[in-house]
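Letters go in sequence order (proteins before strands), and every chain restarts at 1.
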Amino acid sequence: MSLIAAENIHKDYKTGEVTVKALKGLNFAIAPASFVSFVGPSGSGKTTLLNLIGCLDKPTEGKLTVADTDVLHLSRKQSASFRGNNIGFIFQDFNLIPVLTVYENIEYPLLMVQSAPAAERKKRVTALLDAVGMIAQKDKYPDQISGGQKQRVAVARALVTNPKLVLADEPTANLDHKTAYMVIELMKKMRDEFGTTFIFSTHDQKIVGEAEIIYVLEDGELKGKEVKGGKNNG
Amino acid sequence: MGNLFKIAIRNLLRYKRRTLLTASLITVGVVFVLVFISVSGSFKNMMIGQITDSMMGHLQVHRKGYVASIENLPLNLNLKSSAVTRLENILNKQQEITAYSPRIKFGGMFSNFVETTNIRLNGIYPDKELKTVPLLASRIIEGKKNLEKGGIWIPELLAKGMKVKVGDTIVVVATNKDGSVNGKQFIVAGVLESATGPGGRDGYVHIDDAIEVLRMEDIEISEVAIRLRDFGKLNAFSKKMDSLLSEELNQQDKPVFELHTWEKLSPFYNIARMIDVMTFFIKLMLIAIVLISIMNVMVMAVYERIREIGTIAAIGTLPGKILNMFVIEGFCLGIAGAVIGNIVGIALILILNASKITFNFGQQQGLILQANVTPANIAAISITVIIVSIIASLQPALKASRMEPIKALRHV
């Protein structure tokens with residue numbers, strides 16, 4: 001059973017008279033609890049594909065199922081609700097909310113998206129703060145912590161709603177190699193601990209090696225797939 | 001909801017200087033409106049009080065057609081005694097009336113035996129008149145506050161011009177409705193401070209003396225001034241009385257009486273209306289200040305936080321919640337401006353009152369400004385500011401809530 005099933009996915013962008021074919025007939029399936037990376041040069045379609053999987057955009061053609069939901073036909077409000085309950089996001093620039101503390105940033109999706117009760121919020125946020133090693137910084141604001149720490153907070157925020165899937169678009173692009181490696185290790189640890197599927201895009205070859213399944217994208221087409229391990233990826 | 005407020009307040013505090021400037025602008029607007037309303041309103045009420053409580057009463061009843069010729073004081077348009085009795089029967093049954101005063105108004109010649117001038121006089125029942133226009137007594141600057149038969153209260157300017165003082169004997173000569181002339185000696189019993197408005201320079205004699213001077217065989221009344229228990233019910237009572245009086249017909253089946261409120265008899269009503277119009281425009285200015293300043297700050301806030309909006313939308317925040325976040329920011333700004341503005345405004349009003357600022361109105365000198373603002377005024381201004389703040393935030397908030405997360409996340 002796949003968590004994500006993509007059949008003949010196309011995505012076109014129109015810029016004035018010109019139509020740019022960003023994705024050209026992609027077919028793939030990703031099992032639950034996978035640790036997947038999409039690699040490729042700039043403009044290969046990695047971000048476009050993650051946006052489609054994350055229900056932030058819709059394919060021009062094809063069928064895309066995420067967590068048993070045909071995401072093509074979701075309304076704007078349904079998409080938001082679906083993302084809030086099923087998908088976590090990690091951004092290249094961390095995108096933490098500057099007026100909220102580390103604790104409050106992690107708590108935000110539970111509070112504003114899922115409206116979880118206070119006791120439940122406290123339990124889950126504290127557990128994740130502990131898991132990402134940020135308990136000591138919980139009362140600090142994003143501008144008071146380092147880039148690596150911000151990305152740890154972003155990982156915790158992405159996981160706090162117990163999503164089936166976490167999407168990370170170039171999560172290590174703004175980090176030094178050591179920190180980047182630590183963040184990827186943290187993501188892997190979280191996958192092991194919570195059974196969440198992680199999909200990330202990168203063009204850093206050293207980081208790519210940490211993924212268990214690697215899809216290679218070039219000019220909007222899947223040029224290869226490498227399986228390096230994982231429980232459900234045989 | 002509490003968390004939305006927490007986030008909104010923190011976002012406002014993120015740009016302290018901008019928030020402070022916007023809140024200050026709203027505060028200044030609220031203070032300006034509050035002080036203007038209190039000062040102009042107090043001035044208006046004081047003037048209305050002076051006019052109704054020292055001269056006119058709240059309403060007046062005349063014989064039909066009298067008011068059209070009121071400047072001539074037409075004696076042939078007085079109410080006959082039978083009509084007065086019918087009118088008094090109606091007035092006595094009205095719970096809203098606290099007092100009424102029948103008057104005979106006539107013009108005459110005033111002589112100090114050396115010089116002669118003209119004078120407008122009111123023949124009154126002193127006790128009824130003082131109950132109907134209680135401030136009349138306070139206008140007596142010299143002499144007795146009780147008018148007895150044979151006495152006359154004369155206006156200050158006449159007393160000065162004719163060089164007469166309290167206790168002097170003078171003669172009033174008047175022509176009655178048949179054209180015959182009669183005169184009567186009076187003792188000056190009091191000198192009245194002049195007042196602005198109709199009747200402000202009239203003299204007063206006892207009604208029995210007026211009957212004698214005018215050689216009336218039976219009492220004939222020019223007007224009946226009425227004082228209500230609650231001035232706020234003037235319009236409602238006027239409608240009720242209009243309906244009651246319209247049933248009183250003469251032998252030709254025409255109405256006997258006509259009823260006028262002070263507004264229709266005093267030119268000051270137009271000034272009062274102008275004050276109301278000015279107040280309305282001042283309120284419009286406040287609305288414009290709040291609308292533009294909050295819309296400006298919220299448009300800036302949305303523009304500066306596009307990526308943040310993209311992030312919260314991407315992680316599943318529903319559009320309605322994003323809308324609420326920004327509307328609450330505008331709402332908080334409005335609340336802050338309204339609260340601080342009200343506090344500063346009330347403090348200013350207290351300072352104004354403590355300063356005992358005086359002003360002149362027509363012949364009345366040294367009136368003390370008593371600015372006051374009612375809780376209803378404060379509530380109306382605050383609610384206006386808050387509603388306008390919400391309206392001003394709506395457009396930027398709608399823009400934020402409708403943003404495509406993917407485009408917002410790409411924004412640099």
Side-chain angles (χ1 to χ4, degrees), chain A residues 11 13 47-48 50-52 54-58 74-101 104-116 118 121 141-143 154 157-161 163 166-170, chain B residues 1-19 297-298 300-330 332-333 397-412:
Chain A
K11 180 66 189 176
Y13 290 112
T47 301
T48 303
L50 289 191
N51 286 341
L52 295 184
C55 303
L56 295 171
D57 204 355
K58 286 182 178 172
L74 294 178
S75 68
R76 203 160 164 262
K77 202 173 165 185
Q78 285 170 330
S79 287
S81 185
F82 181 79
R83 287 195 301 271
N85 290 310
N86 295 284
I87 306 173
F89 289 89
I90 300 169
F91 302 96
Q92 181 180 327
D93 297 323
F94 326 120
N95 291 21
L96 299 180
I97 299 167
V99 294
L100 300 181
T101 62
E104 289 164 341
N105 261 288
I106 299 170
E107 189 189 28
Y108 180 91
L110 289 176
L111 191 67
M112 304 300 281
V113 180
Q114 294 196 336
S115 304
R121 291 200 308 266
Y141 285 89
D143 61 359
R157 181 179 67 183
L159 285 166
V160 77
T161 55
V166 170
L167 297 170
D169 190 9
E170 303 272 7
Chain B
M1 192 54 95
N3 291 295
L4 285 176
F5 274 95
K6 182 175 80 180
I7 294 172
I9 289 165
R10 286 195 194 170
N11 274 319
L12 286 173
L13 295 176
R14 199 162 152 183
Y15 306 101
K16 286 190 186 73
R17 193 178 299 173
R18 190 169 72 195
T19 304
V297 84
M298 294 313 297
M300 292 282 287
V302 169
Y303 184 76
E304 285 163 352
R305 278 152 46 197
I306 290 179
R307 277 175 70 87
E308 218 173 293
I309 294 163
T311 305
I312 60 172
I315 61 181
T317 311
L318 293 176
K321 234 165 210 175
I322 298 174
L323 179 110
N324 285 346
M325 260 183 210
F326 283 91
V327 169
I328 287 172
E329 269 188 58
C332 289
L333 257 179
L398 272 171
K399 193 181 170 192
S401 70
R402 287 172 182 170
M403 253 176 219
E404 288 295 336
I406 190 167
K407 284 183 188 164
L409 284 167
R410 274 195 214 125
H411 183 81
V412 181

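Considering CG of A/L52 and CD1 of B/I406, their distance stands at 7.5 Å, rounded to 0.5 Å. Residue B/L409 holds its CG atom at 11.5 Å from CD of A/Q92, rounded to the nearest 0.5 Å.
The shortest side-chain heavy-atom distance between B/R10 and A/Y141 falls under the 4.5 Å cut-off. Residues B/I7 and A/I97 form no side-chain contact, since every pair of their non-hydrogen atoms from C-beta on lies 4.5 Å or further apart.
Of all the listed residues (B/R402, B/M325, B/R305), the one sharing the greatest number of non-hydrogen pairs under 4.5 Å with chain A is B/R402. Comparing A/R157, A/K77, A/R83 by how many heavy-atom pairs each has under 4.5 Å with chain B, the most go to A/R83. Contact tally against chain B (heavy-atom pairs below 4.5 Å) for A/N51, A/I87, A/T161: the top residue is A/N51.
Around OH of B/Y303, the count of heavy atoms belonging to other residues, nucleotides or ligands within 6.0 Å does not exceed 12.
The shortest heavy-atom contact between B/K6 and A/E104 is NZ-OE2, 3.2 Å. Nearest heavy atoms, A/F91 versus B/T311: CE1-CG2, 3.8 Å. Across B/K321 and A/L111, no two heavy atoms sit closer than the pair NZ-O, 4.3 Å. For A/S81 against B/L318, the heavy-atom pair with the smallest separation is N-CD2, 4.1 Å. Taking both residues in full, the closest heavy atoms of A/R76 and B/P319 are given as NH1-CG, 3.8 Å, listed atom of the first, atom of the second, then distance. Considering every non-hydrogen atom in both B/T317 and A/A80, the closest pair reads O-CB, 4.3 Å.
Only the side chain of A/Y108 comes within contact range of chain B, judged by heavy atoms closer than 4.5 Å. Neither the backbone nor the side chain of A/F94 comes within less than 4.5 Å of any heavy atom in chain B. Neither the backbone nor the side chain of A/T48 comes within contact range of chain B; no heavy atom of the residue lies under 4.5 Å from a heavy atom of that chain. When heavy atoms are compared at a cutoff of 4.5 Å, A/L100 approaches chain B by way of both its backbone and its side chain. Neither the backbone nor the side chain of B/L13 comes within contact range of chain A, judged by heavy atoms closer than 4.5 Å.
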message = Please determine whether side-chain contact (heavy atoms from CB on, under 4.5 Å) holds for the pair A/D57 and B/E404, giving the CA-CA distance in whole Å, both sets of side-chain angles, and the decisive distance to 0.1 Å.
response = CA-CA 9 Å; A/D57 204 355; B/E404 288 295 336; over 6 Å; no
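Among the candidates B/N11, B/I9, B/L12, the single residue satisfying the side-chain contact (heavy atoms from CB on, under 4.5 Å) test with A/V99 is B/N11.
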